[in-house]
Each structure stands twice: as structure tokens, then as C-alpha cells.
Amino acid sequence: MLMTDGEYRIEINGINHWVKIDGSENETVPLVIIHGGPGGNLYTFERTVGPLLAVKRTIVYYEQRGSGRTEKPSSDQDYSIKFLIEDFKEIKNWLGAEKVDLLGFSFGGELALEISDALPEVIHSIVLSAPSLMNSEINKMVQITGFMSVVNNELYNEIQKIQKEALSIDEIYNKVWSLVDTETVDLLLFENQENAKMNRKLWEESNLVNTGLMYKALQKIPVEKPLVDRLKYIQQRTLIITGVFDRNTGIPVSKIFAREIPNNNWVLFNRSAHFPDLEETNQFVRTVIDFLES
């Protein structure tokens with residue numbers, strides 16, 4: 001197809017996917033935005049960072065199966081990395097572009113690397129913003145300690161008690177998440193709470209809900225070989241962006257990506273937590289565009 005700005009509904013693998021193109025007049029390698037969650041959406045990105053990137057680049061938004069404005073699969077089990085890669089492959093074919101760039105944030109960073117590993121010939125460059133290693137112990141430990149750094153004394157003591165029980169990291173992690181409210185989650189995810197309020201306002205305005213089904217399914221259907229063991233095979237130029245205050249995936253996780261991906265450039269954002277795109281927007285846009293144009 002000849003890429004033209006607009007919103008589209010495309011049936012892929014039996015599921016009606018929401019896709020949007022912006023900045024097609026730039027005629028650049030399309031930059032496909034891969035959202036996090038799992039099961040999140042692009043509503044906030046589409047209203048904040050996306051239009052600024054579209055000044056210079058052709059942007060392709062799409063929401064993954066069962067996420068945002070895209071339909072759910074018929075079975076609650078029909079979520080896996082393999083399914084998500086197959087969906088992406090069809091969207092890329094529909095775009096008609098020889099190659100695409102990827103910008104994945106949080107879990108979307110992880111998924112962008114899975115796509116690049118599976119389809120190396122069609123991926124040009126990769127941008128990872130606050131990438132996760134969702135099912136890894138290190139990512140869970142970062143979040144547990146992250147919560148401990150922002151909660152009040154009462155919650156801090158409760159988390160300490162949980163850690164003294166004879167539990168696995170997974171059990172501690174699930175117990176900690178069961179204790180925290182939305183205000184505490186915002187403290188984990190954002191350094192500037194004004195940005196957290198803006199983000200939550202857009203979430204509410206979107207009326208889009210994360211069902212949690214993708215997250216549950218991805219816990220049950222792990223990949224055959226952990227992503228961390230395949231990072232050394234990623235050949236694309238890769239930009240890693242991490243907020244120094246990221247308590248959700250954080251510097252320890254980004255350090256692994258920076259150590260293992262051969263051709264990477266790692267940039268730290270000094271006033272950001274998990275969303276450098278929202279906390280240091282202008283620097284984020286400049287950094288991404290400079291990387292893609294270099």
C-alpha cells in the first residue's frame with residue numbers, strides 16, 4: 001500500500017487490529033511504536049510524544065491483540081510472543097515497507113527485541129525506552145526495591161515482613177503488588193507527580209482498560225529460550241533510553257541490554273523514572289530523531 005495518514009482497521013489472523021499512520025509525508029523508514037503493558041495501549045503516546053516524532057518521521061501506531069482499540073482473540077489463551085510476532089509480520093506486510101524501525105517502551109521494548117530476533121531481515125533500527133525483562137527475577141527485584149524506596153513507613157515494614165517469610169521471588173512480588181494502591185504505583189512509575197496526574201487523566205479519558213489477559217497468558221506460555229540468552233544475536237543499531245529514577249525496570253535491567261546487544265548506544269535521562277517520553281519529552285524526541293537520522 002501507499003502509506004497515507006489516517007486510522008485503519010485491519011483483519012489480521014482473524015482479529016480486527018487498530019492501526020494509525022501519521023507523518024507519511026516525511027517518506028522515511030516507518031517507525032512502528034510497540035506499546036507496553038502487556039495489554040496496554042497507545043492513547044497517551046498518540047497525544048503526547050507521537051505527533052512530535054511525526055514532524056520528522058513516518059509513524060505507525062498499532063495496538064496488539066486484545067489491547068486498546070484492537071479486538072480480543074476468541075480464546076483467552078491466544079496470547080503468546082509467537083502470536084504477537086505473527087500479527088506484527090502481517091502488519092508489516094500490509095504497510096508494504098521493505099524495512100521498518102521499532103520504538104518499544106517497557107514490555108514493548110522486550111517485544112521489539114523478540115520481533116527483531118524472529119524477523120531480522122525486516123528491522124532497520126531499534127529504540128528501547130525503559131525496556132523490561134518481564135518474567136525475570138531481576139526485573140521483579142527492581143520493582144520490589146523500587147516500591148520500598150517510595151512507600152511510607154507502614155508499607156515499608158509490611159514489605160520487610162513479607163521478605164522475611166520463606167517465599168520465592170514470585171510470591172514476594174505478587175504479595176507486594178497486592179498491597180499497593182494507584183498513588184503508590186504512580187510514585188513508582190514517575191519522578192514528577194504532575195506527569196503522573198497527566199498520564200492517569202489520559203488513561204481515564206481513553207476509556208481503554210487493560211484486561212490483564214495477555215499478562216496472565218504470557219506467564220503461562222514462556223518463550224522456549226529466554227530473551228536474555230538471545231540478545232547477543234541482535235545485529236540492528238539499538239538505542240536504549242533509561243530514566244535514572246526508573247524503579248519499574250530500571251538501570252539494572254537496561255544494563256543487561258547494554259552489555260549483551262552488540263551495536264547499542266545507551267542514554268540516561270536525568271530527570272525521569274519509567275516514562276522518559278513523558279517526563280523529558282523534548283529531549284526524548286530529539287534523542288530518538290538524532291539516532292534514527294544518524
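Numbering of residues begins at 1 and proceeds along the displayed sequence. What you see is a predicted model; the values in this text were computed from it and never measured.
- Side-chain N or O atoms of T281 include one that pairs as donor or acceptor with a backbone N or O of D277 at under 3.5 Å.
- With rounding to the nearest 0.5 angstrom, the OG1 atom of T249 is 11.5 Å from the CZ atom of R247.
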*Check the pair R65 / D78 against salt bridge (charged side-chain N to carboxylate O under 4.0 Å, His left out), numbers first and verdict last.*
CA-CA 9 Å; R65 54 172 58 209; D78 283 355; 5.0 Å; no
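- More than 12 heavy atoms of other shown residues, nucleotides or ligands fall within 6.0 angstrom of atom NZ in K20.
- Side chain to side chain, Q219 and N135 meet the donor-acceptor criterion of an N or O pair below 3.5 Å.
- N192 places none of its side-chain heavy atoms less than 4.5 Å from the side chain of R271.
- Cluster annotation: L239 is connected to L103 through the hydrophobic network of ILVMFWY side chains, with a link wherever side-chain heavy atoms come within less than 4.5 Å.
- At most 12 heavy atoms of other shown residues, nucleotides or ligands fall within 6.0 angstrom of atom CG in N153.
- In this structure a side-chain-to-backbone donor-acceptor pair under 3.5 Å is missing from D117 to L231.
- The closest donor-acceptor contact from the side chain of S67 to the backbone of E63 lies at 3.5 Å or more, if one exists at all.
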Give the table of side-chain donor-acceptor pairs shorter than 3.5 Å for residues 105-115, with sequence neighbours excluded, one pair per line with atom names and distance.
unit_1: S106; atom_1: OG; unit_2: H274; atom_2: NE2; d: 2.8
unit_1: E110; atom_1: OE1; unit_2: S132; atom_2: OG; d: 2.6
unit_1: E110; atom_1: OE1; unit_2: M134; atom_2: N; d: 2.8
unit_1: E110; atom_1: OE2; unit_2: M134; atom_2: N; d: 3.3
unit_1: E114; atom_1: OE1; unit_2: R230; atom_2: NH1; d: 2.9
unit_1: E114; atom_1: OE1; unit_2: R230; atom_2: NH2; d: 3.2
unit_1: E114; atom_1: OE2; unit_2: R230; atom_2: NH2; d: 3.0

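- N139 and S136 share no side-chain donor-acceptor pair at under 3.5 Å.
- A distance-only check finds a donor-acceptor pair linking the side chain of T238 to the backbone of Q236 [under 3.5 Å].
- Taking the side chain as every heavy atom from C-beta outward, E158 and V151 never approach each other to under 4.5 Å.
- Under the 3.5 Å distance criterion, with hydrogens and angles disregarded, no donor-acceptor pair is assigned to the side chains of T58 and N26.
- Residues I162 and M148 are members of one and the same hydrophobic cluster, defined by side-chain heavy-atom contacts under 4.5 angstrom among Ile, Leu, Val, Met, Phe, Trp and Tyr.
- Counting heavy-atom neighbours within 6.0 Å of K99 NZ, excluding the residue itself, gives a total above 12.
- Donor-acceptor pairing under 3.5 Å is lacking for the side chains of N41 and H35.
- The aromatic rings of F190 and F275 sit parallel, their planes meeting at an angle under 30°, below the 60° perpendicular limit.
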side-chain contact (heavy atoms from CB on, under 4.5 Å) evaluation trace for F45 with L53: CA-CA 10 Å; F45 200 96; L53 291 169; 3.9 Å; yes
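- Between atom CD1 of residue I234 and atom CZ of residue F257 there is a gap of 9.5 Å, rounded to the nearest 0.5 Å.
- Cluster membership check: V253 shares its hydrophobic cluster with L188, using side-chain heavy-atom separations under 4.5 Å among Ile, Leu, Val, Met, Phe, Trp and Tyr.
- You'll find the side chain of T70 stays beyond 4.5 Å of the side chain of D87, heavy atoms only.
- With E279 contributing its side chain and N195 its backbone, the two residues share no donor-acceptor pair below 3.5 Å.
- Within 6.0 Å of NZ on K161 lie no more than 12 heavy atoms contributed by other residues, nucleotides or ligands.
- For R9, the CZ atom is densely surrounded, since the number of other residues' heavy atoms within 6.0 Å is greater than 12.
- With hydrogens and angles ignored, the 3.5 Å screen pairs no side-chain donor or acceptor of D22 with any backbone N or O of I59.
- Donor-acceptor pairing under 3.5 Å is lacking for the side chains of T287 and D290.
- Taken from CD in Q77 to CZ in F83, the straight-line distance is 10.0 Å, to the nearest 0.5 Å.
- Using a cutoff of 4.0 Å between basic side-chain nitrogens and carboxylate oxygens, E137 and K140 are not scored as salt-bridged.
- In this structure, R47 is positioned above the aromatic face of Y43, its NZ or CZ under 6.0 Å from the six-membered ring centre and within 45° of the axis.
- Sparse packing is recorded around CD of E224, with 12 or fewer heavy atoms of other residues, nucleotides or ligands lying under 6.0 Å away.
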**OP:** Check the pair F88, L119 against side-chain contact (heavy atoms from CB on, under 4.5 Å), reporting the backbone distance first and the verdict last.
**Re:** CA-CA 10 Å; F88 174 86; L119 308 168; 3.9 Å; yes
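- Expressed to the nearest 0.5 Å, how far CD1 of I241 lies from OG of S272 amounts to 9.5 Å.
- Here CG of D101 is found 7.5 Å from OG1 of T28. Values are rounded to the nearest 0.5 Å.
- To the nearest 0.5 angstrom, W177 atom CH2 is 10.0 Å from T184 atom OG1.
- Residues V55 and Y61 fall into different hydrophobic clusters, defined by Ile, Leu, Val, Met, Phe, Trp and Tyr side chains chained together at heavy-atom separations under 4.5 Å.
- Residues G243 and I251 come closest through the heavy atom pair O-CG1, 4.5 Å.
- Here K175 pairs with E165 in a salt bridge; the nearest charged N to carboxylate O distance falls below 4.0 Å.
- At distances below 3.5 Å, not a single donor-acceptor pair connects side-chain atoms of K232 with backbone N or O atoms of P262.
- Counting non-hydrogen atoms of other residues, nucleotides and ligands closer than 6.0 Å to CD of E183 gives a total of 12 or fewer.
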side-chain contact (heavy atoms from CB on, under 4.5 Å) between Q193 and D186, worked out: CA-CA 7 Å; Q193 290 308 298; D186 281 348; 3.5 Å; yes
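- Under a cut-off of 6.0 angstrom, the local environment of CD in E293 is crowded, with over 12 non-hydrogen atoms contributed by other residues, nucleotides or ligands.
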| Yes or no on side-chain contact (heavy atoms from CB on, under 4.5 Å) for K72 and Y79, after CA distance, side-chain angles and deciding distance? | CA-CA 10 Å; K72 279 171 58 183; Y79 298 94; 4.0 Å; yes
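- L292 and F269 fall within a single hydrophobic cluster, where Ile, Leu, Val, Met, Phe, Trp and Tyr are joined by side-chain heavy atoms under 4.5 Å apart, directly or via other members.
- Under 3.5 Å, the side chains of N248 and Q143 contain a donor-acceptor pair of N or O atoms.
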